[in-house]
Amino acid sequence: VEVFAKDLEAPRIMVEDDEENIYVSIPNTGEILLLKDANHDGFADDKQIFLKGYENVHGMAIDGGKLYFIALKKVYVVDLLDKTKVKILIDNLPDVGLHENRTLAIGPDHMLYISIPSNCNSCVDPNQLLATIQKVKLDGLGMTTFAKGLRNTLGFDWHPETHELFGMDQGTDWRGDEIPREELNHIVEGKNYGWPYCWNRLHPDTFLLRNPKGSTKEAFCKTTEAPALTYDAHTTPIGFTFYNSSMFPKSKGSAFVAFHGSWNRKIPKGYKVSKLIFKNGKPIKFENFMSGFLNNKKHSQFGRPAGLLILKDGSLLVSDDSAGVIYRVFYDNTP
């Protein structure tokens, strides 16, 4: 593990273009930075502001020489060769409320997928776009709901072989230290994943007083999708990406998850990058991959992993929005 870039203001999501330039969203300042490792020594020796003035800019994706990005209630696209040409694709996303960071990605079907979290911890909101993943054409037209009942699925990606969509959903707060557990969901079009009425293995949320219209929580939860796996409660998964390169010989076909860490547990957890092992296209378990940020004896930490990016050489970038650092993790087989 080495430092790829430092002295950054809370870096979050990262993407790489065909020229190996790295773009980093900085929600705190409303900027997208451009980082370059010109001499290929594993350290960004050039840092520029690519765009600025986009409040809470967060999720990004690159396709066809264009950068797609989301900031609060709007989705934009810009030509990488001419950053003066910024176009608004969508300008009417719901109010953000509690969750102001939003993400997007481009799927194998060449469609844009947008995660729109809930705007609260636990509530029933009449806006049907909240707590969903939306699917839309790259020109911003034809937006439809892909999946719903997802409280805050910031990190999601497609399995490189099956092309099935998986994502980590952040569970409801203030239900105790151990519930609800964070969810890994196999996200299928048209399915409902339960929030706010249910958590984990179709468990009704007894803290929520309201019932679904015309039903009960118990009956409704039986019609929703159970998670593929669960993880420690309140560890806050953010970055999620499948590994389809060769630098890490035992990781191909697995996924990496950045756990930002807890803020409302008596004993903190998270603050790590885990490897999610898949076998025959199915998730089977989590393993620690990059840990040590958390000192449980002192209940202190010196870093909070947020974004993940697999570089073209197969190494892994991990953004730390607490320390203002981007780490590069690589496999060195030098004798």
Side-chain angles (χ1 to χ4, degrees), residues 13-20 22-23 25 58-70 75-80 89-90 102-117 129 132-150 153-169 183-193 225 227-229 237-248 251-258 275-284 307-314 316-317:
I13 306 303
M14 304 167 289
V15 291
E16 183 182 23
D17 68 15
D18 290 339
E19 305 301 319
E20 300 182 359
I22 310 300
Y23 300 83
S25 65
H58 194 252
M60 299 183 295
I62 288 179
D63 181 81
K66 298 181 183 298
L67 174 68
Y68 298 80
F69 62 98
I70 186 168
V75 177
Y76 304 84
V77 63
V78 60
D79 193 315
L80 290 174
L89 294 179
I90 302 170
R102 298 175 172 190
T103 52
L104 51 77
I106 297 173
D109 56 359
H110 211 59
M111 297 283 282
L112 190 64
Y113 289 74
I114 304 168
S115 175
I116 304 179
L129 293 181
T132 69
I133 289 180
Q134 296 292 312
K135 182 171 70 170
V136 63
K137 296 177 182 178
L138 293 183
D139 58 8
L141 300 177
M143 189 165 71
T144 59
T145 297
F146 184 78
K148 56 187 177 180
L150 296 163
T153 299
L154 288 176
F156 58 94
D157 196 11
W158 290 262
H159 190 283
E161 295 177 358
T162 67
H163 303 302
E164 294 175 312
L165 181 60
F166 289 86
M168 293 291 303
D169 196 45
E183 294 184 0
L184 169 72
N185 288 307
H186 175 201
I187 305 173
V188 178
E189 188 166 13
K191 299 296 185 180
N192 189 316
Y193 293 83
E225 300 299 305
L229 290 176
I238 297 181
F240 182 98
T241 185
F242 278 99
Y243 191 78
N244 196 31
S245 193
S246 57
M247 180 177 283
F248 305 139
S251 297
K252 193 167 186 178
S254 298
F256 292 110
V257 183
K275 182 165 70 170
L276 175 57
I277 307 298
F278 277 71
K279 185 175 182 180
N280 299 323
K282 305 297 182 184
I284 57 173
L308 301 173
L309 173 64
I310 310 296
L311 295 180
K312 289 181 171 53
D313 66 1
L316 172 67
L317 292 188

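As the structure is a computational prediction, the values presented were derived from the model and not from experiment.
- When all heavy atoms of Ala105 and Ala61 are compared, the closest pair comes out as CA-CB, 4.2 Å.
- Counting non-hydrogen atoms of neighbouring residues, nucleotides and ligands closer than 6.0 angstrom, the CG atom of Asp139 exceeds 12 such neighbours.
- When all heavy atoms of Ile277 and Lys275 are compared, the pair lying nearest together is CD1-CE, 3.5 Å.
- Under the 3.5 Å distance criterion, the side-chain polar atoms of Thr103 are matched with a main-chain donor or acceptor of Leu154.
- Pairing each heavy atom of Ile187 with each of Ile133, the nearest pair is CD1-CD1, 3.9 Å.
- Counting heavy atoms from C-beta outward, Phe166 and Phe278 have side chains that approach closer than 4.5 Å.
- Remark: Thr162 pairs with Glu164 by the side chain to side chain donor-acceptor pair (under 3.5 Å) rule, at least two apart or across chains.
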Practice problem: I would like to know whether Ser25 and Met60 meet side chain to side chain contact (heavy atoms under 4.5 Å, CB included); could you show each step before the answer? | Solution: CA-CA 8 Å; Ser25 65; Met60 299 183 295; 4.1 Å; yes
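- In this structure Glu161 satisfies the salt bridge (charged side-chain N to carboxylate O under 4.0 Å, His left out) test with no other residue, sequence neighbours excluded.
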Practice problem: Might you work through the side chain to side chain contact (heavy atoms under 4.5 Å, CB included) test for Glu225 and Asn192, ending with a clear yes or no? | Solution: CA-CA 6 Å; Glu225 300 299 305; Asn192 189 316; over 6 Å; no
Side-chain polar contacts of residues 240-247 - donor-acceptor pairs under 3.5 angstrom, sequence neighbours left out - could you list them?
unit_1: Tyr243; atom_1: OH; unit_2: Met247; atom_2: N; d: 3.1
unit_1: Tyr243; atom_1: OH; unit_2: Phe248; atom_2: N; d: 3.1
unit_1: Tyr243; atom_1: OH; unit_2: Gly314; atom_2: O; d: 2.7

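- The NZ atom of Lys191 lies 10.0 Å from the NE2 atom of His186; values are rounded to the nearest 0.5 Å.
- Considering CD1 of Ile116 and OG1 of Thr145, their distance stands at 8.0 Å, rounded to 0.5 Å.
- At a threshold of 4.5 Å between non-hydrogen side-chain atoms, the residues Val15 and Ile22 do not count as touching.
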Quiz prompt | Derivation of the side chain to side chain contact (heavy atoms under 4.5 Å, CB included) call for Leu138 and Tyr68 | solution = CA-CA 9 Å; Leu138 293 183; Tyr68 298 80; 3.7 Å; yes
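- Shown here are the salt bridge (charged side-chain N to carboxylate O under 4.0 Å, His left out) partners of Asp17, two or more places apart in sequence or in another chain: there are none.
- Using a 4.5 Å heavy-atom threshold, the side chains of Pro227 and Leu184 count as separate.
- For Phe69 and Tyr23, the distance between ring centers is not under 6.0 angstrom.
- Between Ser254 and Leu276, every side-chain heavy-atom pair lies at or beyond the 4.5 Å cut-off.
- The side chain to side chain contact (heavy atoms under 4.5 Å, CB included) check on Lys279 picks up Ile284, with sequence neighbours excluded.
- Side-chain contact between Tyr76 and Leu89: absent, with no pair of heavy atoms (C-beta onward) separated by less than 4.5 Å.
- Side chain of Asp79 to main chain of Lys66: no donor-acceptor pair is present (N/O by atom type, distance under 3.5 Å, no hydrogens or angles).
- Taking CG of Leu311 as the start and CE of Met14 as the end, the distance is 8.0 Å to the nearest 0.5 Å.
- Side-chain contact between Leu141 and Val136: absent, with no pair of heavy atoms (C-beta onward) separated by less than 4.5 Å.
- Rounding to the nearest 0.5 Å gives a distance of 8.0 Å between CG of Asp18 and CD1 of Ile62.
- Between the CD1 atom in Ile310 and the CG atom in Leu317 there is a gap of 8.5 Å [rounded to 0.5 Å].
- Across Val188 and Tyr193, no two heavy atoms sit closer than the pair N-OH, 2.7 Å.
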Quiz item: Can Glu20 and Lys312 be said to form a side chain to side chain contact (heavy atoms under 4.5 Å, CB included), step by step?
Solution: CA-CA 7 Å; Glu20 300 182 359; Lys312 289 181 171 53; 4.3 Å; yes
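- At least one side-chain heavy atom of Leu150 sits less than 4.5 Å from a side-chain heavy atom of Asn185.
- With sequence neighbours excluded, the residues forming a side chain to side chain contact (heavy atoms under 4.5 Å, CB included) with Asp109 are Met111, Tyr113, Lys135, listed by chain and number.
- The side-chain heavy atoms of Leu308 and Ile238, taken from C-beta on, include no pair separated by under 4.5 Å.
- Residue Gln134 holds its CD atom at 4.0 Å from OG1 of Thr132, rounded to the nearest 0.5 Å.
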